Amino acid sequence: MRAVQVSELDGPSAVRVAQVEPPVRGDGEVLIDVAAAGVNFPDVLLTKGMYQYKPEPPFTLGSECAGTVREAGPDSRFAAGDRVVAFTMSGVFAETVSAPEQHVFPLPDEVEFAAGACLPMNYLTAHFTLDTRGGLRAGETVLVQGAAGGIGTAVIQLAAALGATVIGVTSTEAKAEVARRAGAAHTVGVDGFKDVVKELTGGAGVDMVVDPVGGDRFTDSVRCLGPLGRLMVVGFTAGDIPTVKVNRLLLNNVDVRGVGWGAYALGRPDFIRSEWDALLPHLRSGALDPLISERFGLDDAATALSRIDDRTVTGKVVLLT
C-alpha cells in the first residue's frame, strides 16, 4: 500500500510516499481503510525529530483519520463497513491502518470523512479543555488565542455550542473572519488585545482564556481574566514557554491550569469514549463542523506539512487517500 514515510529527520520536505506492506490487524485492533487523515503540528515536529514521541525512521506519519472498517475482531463493537474515526501514535497517512479499538469511534452519517478526520485530536482536546479542566458553564465568556487555528476553531465551536460567548484573538483580518465563521461573537487583533477585551466585557474581564500559543501574549492573557477566571495552557505554538508571577494569581483570585489531554486520557479509554459520546449530539446537529482550509492527496503530504510549519494555516489541513 502507499504510505507517507519519514526516512530522514530533515523536516517536511524530506517526507516521501513509499510502497509498504499493509498492516495486519492485531488483537484488540480494528483494521480501517483510510479515507482522510488530519494533519497536525506534532506531525511536523516528528519530521524533525523534535517531538517527545521519537519513532525510529523509517516510519509512517499521521495520528488521526476517518474511514471504513475493513476488519474487526469477533467481540468488537464494530463491523466491516462501519464509518469510524480513529487515532494512533502514528501510521494513518496511508491507505490502511490498524488502530486500537479503544481509540476508534463511530462517525455519524451527517459528517463527511474529511471532517471526521479533523475531530479526534482537536475536538477531544477542546472538550477536555472546556469541560474537564475548565468547568465551563453556559453564559460565561471565553477568550481564545490562536482563534483561527485547528485547536482555536474547535474550541470556539464547542464553547459556543455549550452556551458561552467567545472572543477570538487573531493576527489578521482574514484569520478574524475564520474565527467568526467558527462562531466567535467578537474578534480582536493581537496588538492591544487586553484593552479591547476589557472594553468588550465592561471591565469585568473574561471567565476563561484558552491559550494554545504561549509566547509574549501570555501575561496580557492573565490580565484579561475576571475574578475566579482560569487560563487554560494548551500549547506553545509560538515556540516560547512563558512564565507567570504567582502573586498575580493570588491578588486577582485567578488560576492557570495545564491542559495535557494525552497525558490524562490515553490511559483512560472509558473517559475518551465518554468524551466522544458528549460530542456526538453536537456533531449530528452541525454545531461542530471543522473548518477545512486545504485538502491534499498523499503525494502532496510534504506541501501540507509545510503549510503548518510556515504557520499559514487557518482551520485544518486534510490528506485524502
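Bear in mind that the values here come from a model prediction, so they are computed numbers and not experimental data.
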So [Y] and [X], do their side chains get closer than 4.5 Å, heavy atoms only?
X: F41; Y: I151; result: no
X: V15; Y: L305; result: yes
X: F193; Y: Q145; result: yes
X: F271; Y: T132; result: yes
X: V20; Y: M1; result: yes
X: V92; Y: E64; result: no
X: P42; Y: Y53; result: no
X: R77; Y: P106; result: yes

Distance, nearest 0.5 Å, that separates [atom1] of [X] from [atom2] of [Y]:
X: L136; Y: H127; atom1: CG; atom2: NE2; result: 10.5 Å
X: I167; Y: T201; atom1: CD1; atom2: OG1; result: 6.5 Å
X: T68; Y: L31; atom1: OG1; atom2: CG; result: 11.5 Å
X: E8; Y: K48; atom1: CD; atom2: NZ; result: 15.5 Å
X: K54; Y: L45; atom1: NZ; atom2: CG; result: 9.0 Å
X: K245; Y: L250; atom1: NZ; atom2: CG; result: 15.0 Å

Among the clusters formed by ILVMFWY side chains lying less than 4.5 Å apart, do [X] and [Y] turn up in the same one?
X: I272; Y: M121; result: yes
X: V259; Y: L143; result: no
X: L298; Y: I308; result: yes
X: L158; Y: V209; result: no
X: V39; Y: M89; result: yes

Considering only NZ, NE, NH1 and NH2 on the basic side and carboxylate oxygens on the acidic side, decide whether [X] and [Y] come within less than 4.0 Å.
X: D195; Y: K198; result: no
X: R137; Y: D207; result: no
X: R180; Y: E173; result: yes

Would you tabulate the side-chain donor-acceptor contacts of residues 278-290 under 3.5 Å, counting partners in other chains and residues two or more places apart, or write 'none'?
from	atom 1	to	atom 2	distance (Å)
S285	OG	P281	O	3.4
S285	OG	H282	O	3.1
S285	OG	A287	N	3.2

Please give me the minimum heavy-atom distance between [X] and [Y], naming the atom from each residue.
X: D255; Y: L225; result: O-CD1, 4.0 Å
X: R133; Y: G258; result: NE-O, 2.9 Å
X: L124; Y: E275; result: O-OE2, 3.0 Å
X: V111; Y: G116; result: CG1-N, 3.8 Å
X: L320; Y: A114; result: CD2-CB, 4.2 Å
X: A115; Y: I292; result: N-CD1, 3.9 Å

For this session: Please step through side-chain contact (heavy atoms from CB on, under 4.5 Å) for the pair L291 and T314, ending with a clear verdict.
Result: CA-CA 8 Å; L291 301 182; T314 59; over 6 Å; no

For this session: Quick one: do D43 and T47 satisfy side-chain contact (heavy atoms from CB on, under 4.5 Å)? Show the steps, please.
Result: CA-CA 7 Å; D43 296 317; T47 70; 5.8 Å; no

Problem set entry | From CA spacing to verdict: side-chain contact (heavy atoms from CB on, under 4.5 Å), R223, T219 | CA-CA 6 Å; R223 290 172 173 153; T219 298; 3.7 Å; yes

Indicate yes or no for a side-chain donor-acceptor contact from [X] to the backbone of [Y] under 3.5 Å, with no hydrogens or angles considered.
X: R230; Y: G134; result: yes
X: D211; Y: V213; result: yes
X: D220; Y: R217; result: no
X: R83; Y: L107; result: yes

Just wondering, more than 12 heavy atoms not from [X] lying within 6.0 Å of its [atom1]?
X: N247; atom1: CG; result: yes
X: D277; atom1: CG; result: yes
X: R273; atom1: CZ; result: no
X: D191; atom1: CG; result: no

Problem set entry | Criterion ring-ring contact (aromatic ring centres under 6.0 Å, His included) on W276 and F87, from CA distance to verdict | CA-CA 12 Å; W276 185 258; F87 68 88; 9.6 Å; no

Problem set entry | side-chain contact (heavy atoms from CB on, under 4.5 Å) between V233 and F218, worked out | CA-CA 9 Å; V233 180; F218 182 84; 4.1 Å; yes

For this session: From the options T321, D299, T96, select the one residue that forms a side chain to side chain donor-acceptor pair (under 3.5 Å) with R2.
Result: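 Of the listed residues T321, D299, T96, the side chain to side chain donor-acceptor pair (under 3.5 Å) partner of R2 is D299.
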
